[in-house]
Amino acid sequence: MASRDKKGRIMTKTEKTIKLMSMKNEDVEFSGALADHEDVEALRRSEAADDRQLRKMEEDTWNITE
């Protein structure tokens, strides 16, 4: 299905990319007071994924051969 802007015409690939890039820069604030169980679980999984990625990056720096 084609993406359409408000005027009803189909957006070009460049327009879609620009819109997507601007949407990714939105800052979302997390409130622990308003968080439910699923929010806390998602945060925990996100932090675990970040830790795994950092470990992988650190391991890769030791494997560099010159």
Task: salt_bridge(Arg44, Glu41) N-O dist < 4.0 Å - done: yes

Open item on the list: Give me the atom names and distance for the closest heavy-atom approach of Met11 to Lys19.
Closed with: CE-CD, 3.8 Å

Open item on the list: Can you give me the closest heavy-atom contact between Asp39 and Leu34, atom names plus distance?
Closed with: OD2-O, 4.4 Å

Task: CG on Leu43 to CD on Glu38, rounded to 0.5 Å - done: 13.5 Å

Open item on the list: Test your reading of the model: is there a side-chain donor-acceptor pair from Ser46 to the backbone of Ala42, 3.5 Å cut-off?
Closed with: no

